[in-house]
There are 2 protein chains.
Amino acid sequence: MTNMMSKPKVTIHDIAERLNITASTVSRALNDNPRISDVTKKAVLKAAKQLNYQPNNIAAALRNGKSHIIGVIVPTADRTFFSSVVRGIEEIANKLNYKVIICQSYDDYEKEVQTIDALLSARVDGIIASIGKNTENFKHYKRAQEKGVPLVLFDRTTEALDASQIVIDDYFGAYKVVEHLIQQGCTRIAHFTSPKKVSVFKERFRGYTDALRDNNIPFDEQLVVSSNLQLEDGRKSMEQLLQLKDIPDAVFSASDYGAMGAMQILKERKIKIPEEIALAGFSNDPFTSFTDPPLTSVDQLSITMGKVTAQIFFEHLNSAGSNNFSQKIVLKPEIIFRESTLRKQEK
Amino acid sequence: MTNMMSKPKVTIHDIAERLNITASTVSRALNDNPRISDVTKKAVLKAAKQLNYQPNNIAAALRNGKSHIIGVIVPTADRTFFSSVVRGIEEIANKLNYKVIICQSYDDYEKEVQTIDALLSARVDGIIASIGKNTENFKHYKRAQEKGVPLVLFDRTTEALDASQIVIDDYFGAYKVVEHLIQQGCTRIAHFTSPKKVSVFKERFRGYTDALRDNNIPFDEQLVVSSNLQLEDGRKSMEQLLQLKDIPDAVFSASDYGAMGAMQILKERKIKIPEEIALAGFSNDPFTSFTDPPLTSVDQLSITMGKVTAQIFFEHLNSAGSNNFSQKIVLKPEIIFRESTLRKQEK
DNA sequence: AGTGCTAGCGTAATCGGTTGCGCATTAGGG
DNA sequence: CCCTAATGCGCAACCGATTACGCTAGCACT
């Protein structure tokens, strides 16, 4: 119950006054400048502690133009994949004494533009972003780059920007899943995809078609259903497939939620998984291991992606000015085989 | 590629120079000060656009001591509950033109202390936190309060601090779940709890025992299993219960993961859920709706909690100085009834 | 003694806005 | 026509830390 409204506002000047030196000496002492004697340094540290001094990063940031804050933009933070990537980024950033501002675009273009603006005004030292689904114009990102703010993209990236990007090999993941389904004896494999222009879905689709082709399985347009890939979409898409004369014997969904929707329909119709229809998703969301049967999926190595992204980002940050070319890093995803696709007895 | 290293650094002085006015006028014009004529305001806005001016919040923050940034500390951002709360907070904060710095303590006391320090140095306008599991000393939070930085706690709170807190009624949630189990005909109801000193588990335990007592069901110590409540713990706890002479006919786990572990064991043993043993969890993690059978759980209204927390926080922020008492807000959780406990036919 | 170094610290400008105060100019009122 | 009151904007201090530059004292060396 002491008076909480006390705001001491202790500055380096207060420390200086108390020690009969100047603020510049205090500043140097606090920054461990070699030109300051150890005696003085210790006195400063001691006085700082006594006065309960709290450095003001804002003043420092204004002076040297570095805020030591980096902005991270994700479509949404409450999806496991993104929050795990953020976790990876934070881990690296914190080690380097940087703080992270997390912003969500909610896949809304306007919000994304505003966010970039807010980050630039906040004078972040750089931006790490995963582009919103509906974003097709990248001027706001370019504006940031023109102002000298490093930009690194992950997962949802674009070739329209000259920025380093870290993605997983969606093509590879999809190809391997479909190949696996074929090995399990499936021959009519459906695919849930998204009409969005986001490259990840195009890549997964390409992996799907290539795996079919390489295994001499004809591509059937009827087996490809396009939607927003949420749970409800998965349900509808599955129902649509079940109305075909010749129903599929496997479904590879480009999202776990889509696969989950399909699973619900199949179970309601008492269709056996994987015996009658095998099911695979993409992302390895935590829930996939808890479904019945557990869902085969593609793990995106989210934490690793976060760490790698942060590393690349700081490389750019530290080599600002020197010839620093954009690079594209592709991580190989890992297929998690679970019962929803295991027709043959293992071992 | 054009030269990316150009950093124009346009300031209000540049705008002022171009219009033959002073920086103060530009500043006022940009802030829509009534003492500036519309003609001048429009000219300033136009020039600002032409010069591609980007306001520097750091300078403004230094001058008026408000950074318009609030710090949020959570144990971990990749758990659905916390990331949803953060989402709620962000929604409100962004509307009020505040940005949010998210920090994770990883339930590590040292990290928590450092984080508070970093946030104070970053001169955040306030802090919203959920306390780490291992934190038993709250000096760091008190330090923040003493410096006049508003503090609001949610979910993992403490009475040791004079701060507003937003929690859910764990007692109520647990009581209602157990009551529901009894209504479904269960008479030997087991409980998974945690030995941690976190109050939420104690409250859930209290709700459990009270519901039993109020329904004249004897409390049996053997039916209470204490663990860390993760998936593996749930499995072990369930196995332990199944070795009793008189096995339970229901399990109420204080966490969803614990319940999921139990479900796995029951399914492996071909024990029917809910007919032989009913199962309920706590938190309503997204996966609970995808299990088979879907798991009854207690929804913690995470997004609501985030919004309410933010509202309370901003109330404190805006009434800084005036007599502003700490309040404790208790949200009623919502029981989500699913098939894992529904023995009787509904309708 | 004179010269050159270096260690150790001070001076003052600077980062980019913000704002209390003050000064003109014009409008309005008597 | 004089006086008061707005209106519109400039002046300059200020927020707190950083840093280029410079000054002084002390020591070594010739």
Side-chain angles (χ1 to χ4, degrees), chain A residues 7-45 47-48 51-69 97 118 120-125 147-148, chain B residues 7-45 47-48 51-69 97 118 120-125 147-148:
Chain A
K7 299 188 185 181
K9 287 190 178 288
V10 180
T11 74
I12 55 173
H13 294 92
D14 299 319
I15 298 177
E17 193 173 3
R18 175 186 259 246
L19 298 177
N20 277 323
I21 53 179
T22 64
S24 42
T25 301
V26 175
S27 173
R28 284 190 262 254
L30 292 174
N31 288 311
D32 204 28
N33 186 309
R35 296 185 65 84
I36 301 297
S37 70
D38 286 345
V39 183
T40 306
K41 282 181 187 172
K42 277 173 190 160
V44 168
L45 262 341
L51 293 174
N52 194 19
Y53 167 73
Q54 187 87 41
N56 185 328
N57 287 350
I58 298 222
L62 174 60
R63 172 58 216 244
N64 45 232
K66 259 75 200 68
S67 63
H68 265 230
I69 293 181
N97 211 19
L120 291 178
S121 290
R123 287 301 195 266
V124 294
D125 290 349
K147 289 183 193 278
Chain B
K7 300 187 186 180
K9 286 188 178 291
V10 180
T11 74
I12 54 172
H13 294 91
D14 299 319
I15 298 176
E17 194 174 2
R18 174 186 260 245
L19 299 177
N20 277 322
I21 54 180
T22 63
S24 39
T25 301
V26 175
S27 173
R28 283 191 261 254
L30 292 174
N31 289 312
D32 204 28
N33 186 308
R35 296 186 65 84
I36 301 295
S37 70
D38 287 345
V39 183
T40 306
K41 281 181 187 171
K42 277 172 191 160
V44 168
L45 262 341
L51 293 173
N52 195 19
Y53 168 71
Q54 186 87 40
N56 185 328
N57 288 349
I58 297 215
L62 175 59
R63 172 58 217 246
N64 42 236
K66 260 76 200 66
S67 63
H68 264 231
I69 293 181
N97 211 18
L120 291 178
S121 290
R123 287 299 195 267
V124 294
D125 290 348
K147 289 184 193 279

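Worth knowing before you read on, the calculation uses all heavy atoms, side chains too, and leaves out hydrogens, waters and symmetry mates. Chain naming here is simple, since letters A, B, ... match the order of the sequence lines and numbering starts at 1 in each. Not measured: the values here are computed from a predicted model.
Taking both residues in full, the closest heavy atoms of A/L51 and A/V10 are given as O-CG2, 3.3 Å, listed atom of the first, atom of the second, then distance. Here the closest non-hydrogen pair linking B/S67 and A/I58 is CB-CD1, 3.8 Å. Taking each heavy atom of B/D14 and B/K9 in turn, the nearest pair found is OD2-O, 3.5 Å.
A/N31 comes within contact range of the sugar-phosphate backbone alone, with a heavy-atom separation under 4.0 Å but no base atom that close. Residue contacts for B/I58: at a heavy-atom cut-off of 4.0 Å it reaches no nucleic acid atom on any strand shown. In this structure, B/T11 reaches the sugar-phosphate backbone alone: every heavy-atom distance under 4.0 Å involves primed, P, OP1 or OP2 atoms, never a base.
Looking at A/N64, its side chain does come within 3.5 Å of a backbone N or O of A/A60 through a donor-acceptor pair. A donor-acceptor contact shorter than 3.5 Å is absent between the side chain of B/D125 and the backbone of B/K66.
Atom pair B/R28:CZ and C/dG22:C1' shows a separation of 11 Å (rounding to whole Å applied). If you take NE2 of B/H13 and C1' of C/dG17, they are 7 Å apart, rounded to a whole angstrom. Per the geometry, CZ belonging to A/R123 stands 13 Å off P belonging to C/dC15, to the nearest Å. The distance from atom CG of B/D32 to atom C1' of C/dG17 is 17 Å, rounded to the nearest whole Å. When rounded to the nearest whole Å, the span between CD1 of A/I12 and C1' of C/dG10 equals 13 Å. Nucleotide C/dG10 holds its C1' atom 15 Å from the CG atom of A/L19, rounded to whole Å.
No hydrogens or angles considered: a donor-acceptor pair under 3.5 Å links the side chains of A/S37 and A/T40.
Judged by closest nucleotide on DNA chain C, B/L62 is the one of B/L62 and B/T25 placed further toward the 5' end. Mapped onto DNA chain D by nearest heavy atom, A/Y53 and B/V26 fall at different nucleotides, with B/V26 at the one closer to the 5' end. Two residues, A/L30 and B/N64, neighbour DNA chain D, and the one matched to the more 5' nucleotide by heavy-atom proximity is B/N64.
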Q. Going through the distances and angles, do B/N57 and B/H68 end up as a side chain to side chain contact (heavy atoms under 4.5 Å, CB included)?
A. CA-CA 9 Å; B/N57 288 349; B/H68 264 231; over 6 Å; no
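Close approach of DNA chain D to chain B, defined as any atom under 4.0 Å from a non-hydrogen atom of the protein, starts and stops at D/dT7 to D/dG16.
One finds no side-chain N or O of B/S24 lying less than 4.0 angstrom from the OP1 or OP2 phosphate oxygen of C/dT18.
Partners of A/A118 by side chain to side chain contact (heavy atoms under 4.5 Å, CB included), not counting sequence neighbours, listed by chain and number: B/K99.
Residues from residues 34-42 of chain B lying near DNA chain D, meaning a heavy-atom separation below 4.0 Å, are B/R35, B/I36, B/S37, B/T40 in numerical order.
Counting heavy atoms from C-beta outward, B/L45 and B/L30 have side chains that approach closer than 4.5 Å.
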